[in-house]
**Student:** 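Take a look at this one; I'll ask things after.
Numbers here are sequence positions counted from 1.
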Amino acid sequence: MVTSGAVDIAAAVRASKLDPVRPTEDALSRIKASDGAVGAFRSVRAAEALAEAKALRDRPDLRELPLAGVPVAVKDVVSVEGESVEWGSRATDHAPASADHEVVARLRAAGAVIVGLTRVPELCIWPMTDTPEGIARNPRQPSYVAGGSSGGSAAAVAAGLVPLAHGTDGLGSIRLPSAMCGLVGIKPGRGVVAESSDPQWFGMSAHGAIATTAADAALLLGVLAERPGLRTPRDPGRLRVAVSTQVPLTHAPVPGPMREAVRRAGARLGAAGHRVVAATPAYGAAALGLLTRWFAGPAEQADDLGVDSALLQRRTRTHVRIGNAVRRAGLVREDSAREWTRRAEAFFADHDVLVTPTLAARPPKARRWHERSCLANAAPSIRLAGFAGLWNLAGFPAMSVPAGQFADGLPIGVQLVAAPGGEATLLGLAAQLEETNRLQ
């Protein structure tokens, strides 16, 4: 397991107490020993990572690097020079990238070492991460999925293979696997992590951080966003906190342990001095607008990537076909997003933070989901993600933090949501919850 987090590793390297090569050697050793069972990585950059770590020794700015010597895993959706970007698919172009994506360049500039690319479900559609080459399993309960679409990234961190992982989140793809694997995962608000290309899925996708602690997640997010003020959690002050366990649209029953986790988190925040009330946003039919984007987004993305549709998995082929029909019918409408955003803004005029379950149901078991039909994948996906996707539609920051476990040891996460600009508030509140958990 990782013996210290990213904050500690970077501090030790900056202070010349730790050779910057050692953390990478340790990470590669753990990956070699354990990833065959975990399935977190699509590709491991062993020789390249060691060379990058050795080059850090000669960097004149080593003492100023926020991620000095920290091994980081990158989700297989952004280019790493010399590596292919495969999106979990045999239908994409597997030619090596000629340059780093902007977020990868920021990681390198900050002193991070890119040890590998993590597994994703095809085109990042599903919250179950598996491909014909392997299954990303939940290291806390290997018979369950690690989540998705940043499932490989979450599995890598939860298994202790790396202290930090990059992820992207279009409908919960950072928060869902973080909750399943007992991790901290944050999706920032729209535009916080800037990139020159348009965000995927009609602007709903965002780059974010997966870690074991709020401090480590803050450090990574601050680097990705190029905002030094986000790198360290700070006291959020006294907040107006709303708690709710009502699933948007369906009002489906939430498992008791997950409701109890939200109640317990609210009680702890109340004891910490926050004003905590039961309150639920006026969701209305906003979730219906998400469904059109969930189908149409990957269809548009398939066009952008120039995929060979004959090589797509059958679940994806059907999903993309439906998405193309949605696009032709003009069912992706901006008025649905605007109306939901107006409702969300009205809710956060009276509350600073909303606390909900991260998941709306227990995770599914780990299996070869890519061999099943679109409907067989869609049903558990929709059940799981009821609380997550609306905040992508509105572009609000949201994160998952560990909040207990089921009787069988499967982790439970709670979701924290804030209005735009609230990333620091969420990270500070997550750090407070961590502290109260330690004191219990």
**Student:** What distance separates Q313 CD from D130 CG, expressed to the nearest 0.5 Å?
**Tutor:** 7.0 Å

**Student:** Classify the side-chain pair T213/E434 by whether it contains a donor and acceptor separated by less than 3.5 Å.
**Tutor:** no

**Student:** Taking V223's backbone N and O only, do any of them form a donor-acceptor pair with R106's side chain (distance below 3.5 Å, no angle check)?
**Tutor:**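 No, because the side chain of R106 does not come within donor-acceptor range (under 3.5 Å) of the backbone of V223.
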
**Student:** Sort and list the pairs that fulfil side-chain hydrogen bond (donor to acceptor under 3.5 Å, both in side chains) and have at least one residue in residues 202-211, not counting sequence neighbours.
**Tutor:** H166-H207, E195-H207

**Student:** For the residue pair E133 / T131, report whether a side-chain donor-acceptor contact shorter than 3.5 Å exists.
**Tutor:**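 Distance-only check passes for T131 and E133.
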
**Student:** Minimum heavy-atom separation for L123 to P298, with atom names?
**Tutor:**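 Heavy atoms of L123 and P298 come nearest at CD1-O, 4.1 Å.
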
**Student:** Salt bridge (Lys or Arg N to Asp or Glu O under 4.0 Å): which pairs involve residues 197-206, sequence neighbours left out?
**Tutor:** none

**Student:** Give the minimum heavy-atom separation between T24 and G69, together with the two atoms involved.
**Tutor:**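 It is OG1-O, 4.5 Å.
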
**Student:** Over all heavy atoms of both residues, which pair between V78 and V104 is shortest? Give the atoms and the distance, please.
**Tutor:** CG2-CG2, 3.8 Å

**Student:** State which residues pass side chain to side chain contact (heavy atoms under 4.5 Å, CB included) with E260; sequence neighbours excluded, sorted by chain then number.
**Tutor:** R263, R264

**Student:** Measure from the side-chain N and O atoms of E423 to the backbone N and O of G189, and report whether any donor-acceptor pair falls under 3.5 Å.
**Tutor:** yes

**Student:** In Å and rounded to the nearest 0.5 Å, what is the CD1 to OG distance from I9 to S4?
**Tutor:**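 Taking CD1 in I9 and OG in S4, the distance rounds to 4.0 Å.
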
**Student:** Checking Q301 side chain against Q200 main chain: does a donor-acceptor pair fall under 3.5 Å?
**Tutor:** no

**Student:** Can you tell me which residue among I412, L384, L410 is in a side-chain contact (heavy atoms from CB on, under 4.5 Å) with M180?
**Tutor:** L384

**Student:** Quick test of your reading: applying salt bridge (Lys or Arg N to Asp or Glu O under 4.0 Å), list the pairs with at least one residue in residues 67-89, sequence neighbours left out, ordered by first then second residue.
**Tutor:** R42-D76, R42-E86, R45-E83

**Student:** Please enumerate all residues that pass salt bridge (charged side-chain N to carboxylate O under 4.0 Å, His left out) together with R259, with sequence neighbours excluded.
**Tutor:** none

**Student:** Check salt bridge (charged side-chain N to carboxylate O under 4.0 Å, His left out) between D100 and all other residues, then give those that pass, not counting sequence neighbours.
**Tutor:** R108

**Student:** Taking side-chain hydrogen bond (donor to acceptor under 3.5 Å, both in side chains) as the cut-off, I'd like each qualifying pair that reaches into residues 176-192, sequence neighbours left out, listed once.
**Tutor:** none

**Student:** Calculate, to the nearest 0.5 Å, the distance between atoms CE and NE2 belonging to M128 and H370 respectively.
**Tutor:** 12.0 Å

**Student:** Compare all side-chain heavy atoms of S89 with those of L312 and state whether any distance is below 4.5 angstrom.
**Tutor:**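 S89 reaches L312 side chain to side chain.
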
**Student:** Grab the two heavy atoms, one from A431 and one from P233, that are nearest each other, plus how far apart they are.
**Tutor:**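 Looking at all heavy atoms of both residues, the shortest contact is CB-CB, 4.0 Å.
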
**Student:** Please name all residues satisfying side chain to side chain contact (heavy atoms under 4.5 Å, CB included) with A211, sequence neighbours left out, ordered by chain then number.
**Tutor:** L164, D216, A217

**Student:** How about D235 and Q432: do any of their side-chain heavy atoms sit closer than 4.5 Å?
**Tutor:**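 Yes, side chains in contact.
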
**Student:** Under the salt bridge (charged side-chain N to carboxylate O under 4.0 Å, His left out) rule, collect the residues that match up with R63, sequence neighbours excluded.
**Tutor:**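 Partners of R63 by the salt bridge (charged side-chain N to carboxylate O under 4.0 Å, His left out) criterion come out as none, since no residue qualifies.
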
**Student:** Sort and list the pairs that fulfil ring-ring contact (aromatic ring centres under 6.0 Å, His included) and have at least one residue in residues 66-91, not counting sequence neighbours.
**Tutor:**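 Sorted result for residues 66-91: empty, none.
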
**Student:** Hey, could you give me each pair passing salt bridge (Lys or Arg N to Asp or Glu O under 4.0 Å) that has a residue in residues 397-418? Not counting sequence neighbours.
**Tutor:** R362-D408

**Student:** Which heavy atom in L176 sits nearest to a heavy atom in A385, and how many Å separate them?
**Tutor:**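 Residues L176 and A385, closest heavy atoms: CD1-CB, 4.0 Å.
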
**Student:** First locate atom CD1 of I186, then atom CG of L224, and finally report the distance between them rounded to the nearest 0.5 Å.
**Tutor:** 11.0 Å

**Student:** Can you name the nearest heavy-atom pair linking G39 to R119, along with the distance?
**Tutor:** O-NH1, 2.7 Å

**Student:** Quick one: are P397 and V192 in side-chain contact, heavy atoms under 4.5 Å?
**Tutor:**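 Heavy-atom side-chain distance check fails, nothing below 4.5 Å.
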
**Student:** According to ring-ring contact (aromatic ring centres under 6.0 Å, His included), does anything in residues 301-320 pair up with another residue at least two apart or in another chain? List the pairs.
**Tutor:**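 Non-adjacent pairs meeting ring-ring contact (aromatic ring centres under 6.0 Å, His included): W126-H319, W294-H319, F295-H319.
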
**Student:** Under the 3.5 angstrom rule, does the side chain of R175 hit a backbone N or O of T358 as a donor-acceptor pair?
**Tutor:**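 Judged by distance alone, no pair lies under 3.5 Å.
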
**Student:** Can you confirm whether R22 is buried at CZ, in the sense that more than 12 heavy atoms of other residues, nucleotides or ligands lie under 6.0 Å from that atom?
**Tutor:**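 Atom CZ in R22 is not crowded, with 12 or fewer foreign heavy atoms closer than 6.0 Å.
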
**Student:** Quiz question: by atom type and distance under 3.5 Å, do the side chains of R327 and N324 form a donor-acceptor pair?
**Tutor:** yes

**Student:** Donor-acceptor pair, distance only, cut-off 3.5 Å: does the side chain of S150 make one with the backbone of S173?
**Tutor:** yes

**Student:** Between R314 (side chain) and E371 (backbone), is there a donor-acceptor pair under 3.5 Å?
**Tutor:**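 Yes; at least one donor-acceptor contact below 3.5 Å.
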
**Student:** Does S79 use its side chain to pair, donor to acceptor, with the backbone of A99 at less than 3.5 Å?
**Tutor:**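 Yes, S79 side chain to A99 backbone: donor-acceptor pair under 3.5 Å.
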
**Student:** Does atom CZ of R57 have more than 12 heavy-atom neighbours from other groups under 6.0 Å away?
**Tutor:** yes

